Amino acid sequence: MYHTKTLAELSAMLEAGEVTSVELTQSFLDRIKQFDGELNSFVTVTEELALAQAKAADKARASGKAGPLTGIPIAHKDIFCTEGVKTSCGSKMLDNFISPYSATVVEKMRDAGVVMLGKTNMDEFAMGSSNETSFYGPVKNPWNTQAVPGGSSGGSAASVAARLAPASTGTDTGGSIRQPASLCGITGLKPTYGRISRYGMIAFASSLDQAGPMAQSAEDCALLLNAMAGFDSRDSTSMERDVDDYSASLNNSIEGLKIGLPKEYFSEGLDAGVAKQVDDAIAQYRAMGAEIIDISLPNTHLAVPVYYVVAPAECSSNLSRFDGVRFGYRCEDPKDLEDLYKRSRGEGFGAEVKRRIMVGAYALSAGYYDAYYLKSQKLRRLISEDFSKAFEQVDVIMGPTAPSTAFNIGEKTDDPVSMYLSDIYTIAVNLAGLPGMSVPAGFSNNMPVGLQIIGNYFEESRLLNVAHQYQQKTDWHKQIPEAFV
Ligand code: GLN
């Protein structure tokens with residue numbers, strides 16, 4: 001019965017002594033055992049470690065040293081390095097990799113007293129929108145196990161949707177927190193680029209990657225962000241800037257809030273059932289006193305093409321470290337060094353990762369750099385400027401998170417372009433480095449729909465406030481798929 005509670009409720013129960021962290025942790029471990037055979041949302045369950053951490057959390061609480069997250073169990077996406085625990089990034093390349101250190105996000109969570117239940121399944125090296133590129137097989141969507149959970153943080157999203165964990169961490173390079181949150185009916189926040197340290201988070205596209213919380217509600221995301229955010233001297237792109245108390249402004253009134261609706265986010269390609277739910281959500285905001293303003297982000301159509309030059313270019317460089325020499329997969333009996341490189345990479349990486357490395361290496365090559373990479377960087381600037389102009393007029397921007405609800409497993413695997421279009425509304429936000437959220441906004445054909453809320457730089461507090469106010473008036477975020485109640 002603990003699984004029906006939000007993180008904020010569990011925190012209050014721990015504080016009141018109604019449950020111990022050991023009991024709580026055990027109950028989620030039991031649910032993982034019961035349900036995850038089918039869902040496949042975890043790559044690794046760290047049962048022993050979790051119970052040891054839970055014991056320590058109970059002890060800390062008994063001696064008066066507890067914060068709001070002390071003793072709360074969560075799951076980490078398998079992209080975050082975890083000391084002494086396998087960190088696979090969803091790849092055969094790292095199937096044998098036991099990280100010698102922990103990512104800053106993991107350390108910060110541990111310092112806050114959070115218990116780690118395990119590591120969640122994901123698209124290989126975070127490249128994908130459906131979790132089907134994982135070496136460990138696809139994750140199932142708890143709302144319909146024929147359907148994908150979205151990706152790349154699909155394991156994190158599915159585990160929270162099925163309440164196998166009260167919350168999880170994710171990362172978002174082009175939509176990987178928001179799109180799976182939308183497809184699984186949970187709340188996810190991608191903060192401003194630089195708000196959370198990338199140290200120890202396995203790099204995909206370094207100018208886009210950002211970690212964030214995935215949870216049941218905006219209130220829970222705020223609690224997690226309080227612990228995750230902050231400057232880190234080990235990440236040169238981390239911002240030296242004060243961290244807000246993200247829980248403090250949740251209850252602010254949103255009367256007079258100016259919401260921009262970009263016409264490009266409501267055009268052809270958007271599923272009618274999704275559009276209906278998003279319209280209803282906007283109507284709800286209007287009823288709460290917000291002002292709705294039509295805006296335009298004219299370079300929206302460039303976001304996906306620009307991303308599929310910039311992200312592969314950066315990934316081809318980042319993934320060159322996986323060479324079969326220092327760590328990770330090494331082929332059997334290499335003939336010579338070249339054979340070692342070629343076969344280790346050839347056998348260790350899956351098809352989508354190879355496709356991106358090849359595209360990226362091509363775009364960066366001497367003859368094509370100006371035509372592709374440099375050009376994309378210029379267009380990226382135009383995309384950012386669209387948002388800057390919009391934020392002169394409005395406080396937040398709203399629209400759908402994804403163009404459709406969850407599609408079926410196998411439906412898009414042979415058509416990479418249609419798969420890439422799953423992120424058509426999320427990718428521009430990463431290119432601009434802005435914060436964005438996905439909030440459950442109802443169902444279409446019994447599958448969850450997400451409302452996207454985009455804010456100006458470092459306005460996470462405002463996003464969480466805007467989302468929380470909606471969640472005070474609606475109960476979409478409280479729905480649990482029938483098989484997991
Ligand atoms: N689906 C996008 C991609 O495949 C975004 C992934 C992500 O945000 N990590 O690149």
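Side-chain atoms are counted along with the backbone in the values below, which use heavy atoms only and exclude waters and symmetry mates. What you are looking at is a predicted structure, and each value in this text was computed from that prediction instead of being measured. All ligand and atom numbering here is 1-based and tracks the order in the structure. Numbers here are sequence positions counted from 1.
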Task: Passing candidate, side chain to side chain donor-acceptor pair (under 3.5 Å) with Tyr136, options Thr44, Asp78, Asp95, Asn40 - done: Asp95
Task: Under 4.0 Å to a heavy atom of Ala126 - the qualifying atoms of ligand 1, by number - done: 6 (C), 7 (C), 9 (N)
Task: Ligand-side contact atoms (ligand 1) for residue partner Arg356, heavy atom cut-off under 4.0 Å - done: 3 (C), 4 (O), 10 (O)
Open item on the list: To check your reading of the model: name the closest protein heavy atom to atom 7 (C) of ligand 1, its residue, and the distance in Å.
Closed with: Ser176 OG, 2.4 Å
TODO: Would you mind running through ligand 1 and noting each atom that sits below 4.0 Å from a heavy atom of Ser152?
DONE: 9 (N)
Open item on the list: Using a 4.0 Å cutoff against the non-hydrogen atoms of Phe204, which atoms of ligand 1 qualify?
Closed with: 9 (N), 10 (O)
Task: Any Met419 heavy atom less than 4.0 Å from ligand 1 - done: no
- [ ] Answer yes or no: is there a donor N or O on one side and an acceptor on the other, between the side chain of Thr133 and the main chain of Glu124, under 3.5 Å?
- [x] yes
Open item on the list: Out of all atoms in ligand 1, which are within 4.0 Å of some heavy atom of Tyr308? Include the element for each.
Closed with: 2 (C), 3 (C), 4 (O), 10 (O)
Task: Identified side chain to side chain donor-acceptor pair (under 3.5 Å) partner of Arg178 from the options Thr401, Asp423, Asp172 - done: Asp172
Task: Cationic tip of Lys92 above Tyr329 ring, under 6.0 Å, 45° of axis - done: yes
Task: Ser438-Gln179 side chain donor-acceptor pair, cut-off 3.5 Å - done: no
Open item on the list: I need the contact type for Asp423 against ligand 1. Using non-hydrogen atoms and a strict under-4.0 Å cut-off, is it side chain, backbone, both or neither?
Closed with: side chain
- [ ] Look at the rings of Tyr470 and Tyr285 and say which category their plane angle falls in: under 30° parallel, 30 to 60° tilted, over 60° perpendicular.
- [x] parallel
Open item on the list: So if I apply the side-chain contact (heavy atoms from CB on, under 4.5 Å) rule between Arg462 and each of Val396, Asn456, Asp244, which one comes out positive?
Closed with: Val396
Open item on the list: Can you tell me if Tyr420 contacts ligand 1 (heavy atom of the residue under 4.0 Å from the ligand)?
Closed with: no
Open item on the list: Tell me whether Gly128 reaches ligand 1 (any heavy atom closer than 4.0 angstrom to a ligand atom).
Closed with: yes
Open item on the list: Classify the ring geometry of Phe327 against Phe322: parallel below 30°, tilted from 30° to 60°, perpendicular beyond 60°.
Closed with: perpendicular
- [ ] Please could you name the atoms of ligand 1 that Met127 approaches to less than 4.0 Å, counting only its heavy atoms?
- [x] 4 (O)
Open item on the list: Using a 4.0 Å cutoff against the non-hydrogen atoms of Tyr307, which atoms of ligand 1 qualify?
Closed with: 2 (C), 3 (C), 5 (C), 6 (C), 10 (O)
Task: Phe125 and ligand 1 - part of the residue with a heavy-atom distance under 4.0 Å - done: neither
Open item on the list: Any nitrogen or oxygen of Asp172, side chain or backbone, less than 3.5 Å from one on ligand 1?
Closed with: no
Open item on the list: What I want to know is whether Thr171 and ligand 1 share at least one N or O pair that is separated by under 3.5 angstrom.
Closed with: no
Task: Aromatic plane relationship, Phe204 with Tyr307 - under 30° parallel, 30 to 60° tilted, over 60° perpendicular - done: perpendicular
Open item on the list: Please verify the inter-ring angle class for Tyr369 with Tyr373; under 30° counts as parallel, over 60° as perpendicular, anything in between as tilted.
Closed with: tilted
